[in-house]
Amino acid sequence: MIVNQQNTEYFSMFEKSMSSYPLTPPSSLEDSPQSVLLVASPNSNTFEYETYEHSPMQIPHTFAVQPNIMIDPNSLIKTETRPSLRFIEQPTDRFRFRYKSEMAGTHGSLTGINSDKSRKPTYPTVELKNFSGRVIVRCSIYQSNADGKDFLPHAHRLIMKKGKEEHDDPHDIIIGPEDGYRAVFQGMGIIHTAKKNIVSELTRKKLQLRREFVARKEGELRELSTKEQVEIKGLAESESKSINLNIVCLRFDAFIKDNGILYPICDPIYSHGINNLKSALTGDLKIVRLDHVVSPAKGKKEVFILVERVTKKNIKIRFYELDDEDRVVWQDWGQFNDLDVHHQYAIVFKTPKYRDENITSPVRVFVELFRPSDGARSEPRDFRYIPNKPIFKAGQKRPRYDYGSSSYSSSNPGSEELPVPIDNLQLEQSPIFSEMSPLSVPSGLSEEIKRAMNNINSDEFRRIFDAHMDEYVSVCETTDAPKVAENMQLITRRKTEALLAQAEKSEGIKMEVTDQERRMAIKVVEELRSFYRTTHTPQLAIRILNHYFLEDKRTNALHIAICQRDNQSALLLLKIMVTYRQFELIKKSNNEQQTPLHLAVLCFNGPMVNSLLMCRARISALDSDLNTPLHLAINSNAPIEILEMLLIKRECENVKDFIDLENEQGNTALLLAIEKKKLAAIKLLCKEGADINKIHPKNGFVPLRFAIEKQHTDIVKFLLTLNSIDATIKDFQNVSPWAAAFSKDANEEITKAVQKFMADNSIPFEVKEEPEDDSEDEMEIDEEFEVKKELPHLTPDELETMYKKVDTLTPQCLDEVSDILDKSENWKCLAELLEIEHLIDSEIIKSDISMSKAVLTYSIETNRDSIWMIRNFLENLDEFKAVEIMDRMVQELQKC
DNA sequence: GAAATCTTCCC
DNA sequence: CGGGAAGATTT
């Protein structure tokens with residue numbers, strides 16, 4: 001172990017002057033496995049540490065600006081008794097360096113890394129250990145450096161305001177036992193030294209340090225010789241070329257003063273790097289906006305993104321995927337060159353290809369900006385990879401392969417199966433098929449189908465099937481092939497006529513089909529009919545169903561029947577598919593990836609939508625624009641009944657699994673409803689649990705923000721009545737919905753509604769234009785509503801248990817709820833739902849208490865469980881405000 | 001001469 | 001304060 005001569009000298013000096021605090025002699029370090037060398041740096045002329053072997057740097061996965069390069073000497077030295085400094089609070093790692101010309105006003109000072117805006121700020125703080133007596137702790141500004149050694153003073157200035165005066169570093173604080181040996185450095189700022197002043201500033205600092213060094217060495221202060229000055233100037237000049245102006249660190253020393261000269265009593269410590277927030281080299285990276293958030297798995301999708309200032313040579317776009325445990329399982333880079341970076345604020349790039357080009361359903365990944373120079377990353381944004389568009393060979397009259405087979409019934413849903421040769425078709429092993437015997441008489445067929453039906457565990461289906469059985473049999477009984485065709489055409493024509501009449505009222509009722517398609521559909525139905533007459537086997541049925549589809553458009557008979565609104569034929573097909581349990585055939589999509597359900601929705605064909613849903617058609621099915629039938633229902637202005645049908649709870653599919661799906665544009669059904677200004681649809685979706693705070697992947701807008709942007713006043717108002725609405729979620733540009741509501745071009749009514757909401761929910765105003773209200777009043781309101789904001793998000797189950805513990809309404813709650821019901825007159829409906837309509841006619845009506853109150857109290861008195869029931873009935877009646885009041889009451893009761 | 005970067009200025 | 005941008009300087 002090598003110890004510099006001078007150090008020994010100093011240590012012995014301390015021992016002399018502070019004999020009561022024996023300092024560990026340097027020799028005791030010799031056996032330390034992690035050695036520390038105390039050496040005089042030739043450049044800075046101060047003591048610097050060289051460290052050998054230190055624990056590897058840890059770079060956290062999340063948003064690393066600058067790795068913490070601080071080496072804490074305490075961790076390296078074994079001694080318990082030697083004085084040492086350690087950090088109580090590191091400085092913040094991001095700070096705006098200001099030029100001297102900017103220092104006129106008062107700007108923020110350097111806070112601690114853990115400083116929180118809402119609380120008292122913290123400041124960089126260090127503590128001296130193993131020492132008693134008074135001591136000087138010094139803070140000065142140094143160049144941050146990655147390898148944690150050879151620290152040099154920085155050309156920037158670390159200033160501290162004392163009253164009016166500004167002091168340059170170093171800043172010395174005298175501390176002692178009364179401070180707990182802690183030095184807090186409050187009110188410091190960093191002045192960005194202009195380029196032209198760097199050399200002079202650096203020289204000034206070096207001269208000062210050299211003077212102190214010389215004084216220590218020689219035991220007295222003296223001016224430096226010209227030779228020394230010239231030497232230092234030279235050093236400053238060469239150093240100024242390599243200095244990084246956008247990152248600094250703080251150095252802390254502990255000294256004792258003897259005869260006007262400072263002697264260090266321990267090793268200095270250095271903070272982690274402090275990055276200049278204003279610089280493109282170290283400032284925050286951010287993706288502000290994306291024009292696409294979806295790419296096919298093969299990549300090469302062109303995407304425009306807007307970003308905060310970047311430097312074109314020092315920026316990358318990283319795509320990555322995390323597994324369930326947040327481990328990175330894939331990453332790749334967006335492709336672009338210098339020319340694709342527009343003025344530091346926009347980048348046009350192409351997506352990389354996904355690790356698996358053959359994915360069959362969308363995959364969620366992330367995009368982020370990455371800055372190679374310091375490893376900094378932006379906040380990640382959501383991005384999705386979707387299956388490549390399938391390539392279909394056109395021009396073949398007859399496909400060699402048919403789609404759909406037994407593989408449908410066994411394999412995972414959502415994946416597009418490979419074509420299977422017709423001859424290899426195998427049937428699933430199902431009791432239906434083994435029990436089936438060939439039948440020659442159509443009337444017997446219904447019996448068989450009925451038997452098969454018993455194996456399908458769905459009452460709903462049986463209902464629909466039975467309802468249409470006659471129709472089914474009649475088609476089957478028609479023996480004459482030409483007659484069937486004729487019949488079909490007749491049906492189609494009649495339908496067409498009827499539909500044309502309706503089509504004038506609303507759009508999208510019927511979709512175009514080609515003659516070829518129509519012919520094909522007719523043929524399928526025809527063959528199915530004749531097949532039933534003769535060689536009745538399930539194999540053949542499936543074969544027929546599979547056999548015909550048009551290669552270029554990939555339409556099958558079911559699609560065509562639905563497009564033509566020929567429900568009769570469509571039902572026949574459906575029934576056969578269900579009878580043979582070919583549920584996957586019902587979900588088969590055409591070349592725009594539209595399933596029969598998509599088509600039925602687009603045609604506003606309510607009965608067909610209903611039938612398809614009963615046959616387990618999936619609402620989470622995505623068309624080529626990633627629209628679900630739900631999206632289409634809203635976008636095509638389908639009648640609300642269709643939307644309602646789609647949201648009916650079913651055993652085979654959970655509403656939650658599709659209600660919040662984003663289409664290719666990143667829109668959820670709720671967002672489309674807002675765009676289309678469909679309040680009824682919005683209410684319905686919200687009631688069914690659509691996520692009202694879901695942020696848009698392109699710009700971070702929440703639904704409320706879209707409503708404000710679109711100036712849809714009643715929608716804004718409605719959204720604000722919802723319990724779980726969060727009006728504070730900021731978009732990618734740090735604008736919250738409420739801030740948008742106060743912008744110049746927002747309409748007055750919206751501004752007022754939002755203002756009221758914010759007052760009610762004690763959200764602080766930060767808008768200048770806000771007219772000043774009576775602040776005292778506001779305080780009262782604030783307190784009142786503080787409890788309100790704390791309403792935790794509960795699952796229905798949790799809510800129910802809470803309700804079950806309560807057997808009466810508080811008088812206040814009763815009043816408020818009654819008031820609401822009196823106004824809306826919904827108490828009548830409530831009474832009906834509670835099955836106490838008789839009350840209405842009874843004598844209570846003559847008393848002067850409100851009917852709502854009467855209904856509520858009666859119900860509660862007669863039935864303990866009724867509060868929970870009432871709540872849910874109210875919810876069904878769209879009395880959200882009343883529900884909210886009740887929820888709050890119940891939750892407050894629990895707290896007591 | 002245009003773009004990038006630095007510095008000052010302003011709200 | 002943080003954000004934006006104009007003006008100045010460098011590349």
Side-chain angles (χ1 to χ4, degrees), chain A residues 65 91-113 115-124 154-161 166 186-202 237 240-248 274-289 306-315 336-348 369 371-374 376 378-379 699-700 728 730-736 738-740 742-744 764-770:
Chain A
V65 169
T92 169
D93 55 357
R94 285 130 24 97
F95 188 73
R96 173 158 165 184
F97 301 180
R98 295 222 173 234
Y99 286 92
K100 209 172 87 186
S101 61
E102 287 188 288
M103 293 308 289
T106 165
H107 293 291
S109 60
L110 206 56
T111 59
I113 182 108
S115 204
D116 185 342
K117 265 182 203 160
S118 53
R119 297 163 203 285
K120 249 188 196 166
T122 63
Y123 299 97
H154 204 284
H156 290 342
R157 294 160 59 197
L158 183 69
I159 54 116
M160 196 185 262
K161 276 170 281 199
E166 272 177 16
Q186 186 175 347
M188 297 191 300
I190 297 170
I191 293 188
H192 191 126
T193 303
K195 286 244 162 91
K196 57 185 177 195
N197 299 324
I198 287 192
V199 174
S200 61
E201 198 58 40
L202 219 44
E237 247 158 56
S240 69
K241 286 171 192 123
S242 62
I243 194 164
N244 183 343
L245 294 173
N246 288 306
I247 177 163
V248 302
I274 303 173
N275 295 281
N276 183 6
L277 260 184
K278 217 54 220 286
S279 153
L281 289 167
T282 50
D284 287 354
L285 294 172
K286 187 146 111 183
I287 298 174
V288 166
R289 198 168 169 164
L306 304 189
V307 297
E308 294 284 306
R309 226 143 70 113
V310 295
T311 38
K312 59 173 71 165
K313 304 237 183 258
N314 189 17
I315 193 71
F336 63 95
N337 60 37
D338 286 5
L339 296 172
D340 296 322
V341 180
H342 178 74
H343 291 305
Q344 315 198 288
Y345 293 102
I347 305 173
V348 180
L369 297 176
R371 184 166 54 211
S373 66
D374 62 355
S378 70
E379 264 182 67
N699 53 16
T728 62
K730 291 181 171 175
D731 69 8
F732 293 169
Q733 284 183 80
N734 277 341
V735 178
S736 61
W738 58 259
F742 290 103
S743 78
K744 291 162 226 97
F765 284 80
E766 286 171 32
V767 180
K768 291 163 207 158
E769 299 91 53
E770 170 226 352

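What you see is a predicted model; the values in this text were computed from it and never measured. Naming: A, B, ... by sequence-line order, numbering from 1 per chain.
- Contact annotation for A:Thr311: backbone-only contact, meaning every heavy-atom pair under 4.0 Å involves sugar-phosphate atoms and none involves a base.
- With respect to A:Glu102 and A:Lys278, no salt bridge is recorded, no charged nitrogen being found less than 4.0 Å from a carboxylate O.
- Put simply, the side chain of A:Val248 does not reach to within 4.5 Å of the side chain of A:Leu158, judged on heavy atoms.
- In this structure, A:Asn276 places its CG atom 13 Å from P of C:dG3, rounding to the nearest Å.
- Comparing atom distances between the A:Lys195 side chain and each of B:dA4, B:dC6, B:dT5 picks out B:dC6 as nearest.
- In this structure, A:Phe95 places its CZ atom 13 Å from P of C:dG3, rounding to the nearest Å.
- One atom, CG of A:Leu245, and another, P of C:dT10, lie 14 Å apart when rounded to the nearest Å.
- To the nearest angstrom, C1' of C:dG3 lies 13 Å from CG of A:Asp284.
- Rounded to a whole Å, the NZ atom of A:Lys286 is 12 Å from the C1' atom of C:dG2.
- Nearest to the side chain of A:Lys312, among B:dA3, B:dT5, C:dG2, sits B:dA3.
- A heavy-atom distance below 4.5 Å is not found between the side chains of A:Asn699 and A:Asp731.
- In this structure a side-chain-to-backbone donor-acceptor pair under 3.5 Å is present from A:His154 to A:His156.
- Surrounding NE2 of A:His107 are more than 12 heavy atoms belonging to other residues, nucleotides or ligands, all under 6.0 Å away.
- Listed nucleotides: B:dC9, B:dC6, B:dT5. Nearest to the side chain of A:Arg96: B:dC9.
- Atom CD1 of A:Ile198 is separated from atom C1' of B:dT7 by 13 Å (rounded to the nearest Å).
- Counting non-hydrogen atoms under 4.0 angstrom, A:Arg309 reaches nothing in the nucleic acid.
- Listed candidates were C:dG2, B:dA4, B:dC10. Nearest to the side chain of A:Glu102 is B:dC10.
- The CG-C1' distance, from A:Asn197 to B:dT7, rounds to 11 Å in whole Å.
- With rounding to whole Å, A:Arg98 atom CZ is found 12 Å from B:dC11 atom C1'.
- Residue A:Lys278 is in base contact, counting any heavy-atom pair closer than 4.0 Å across all strands shown.
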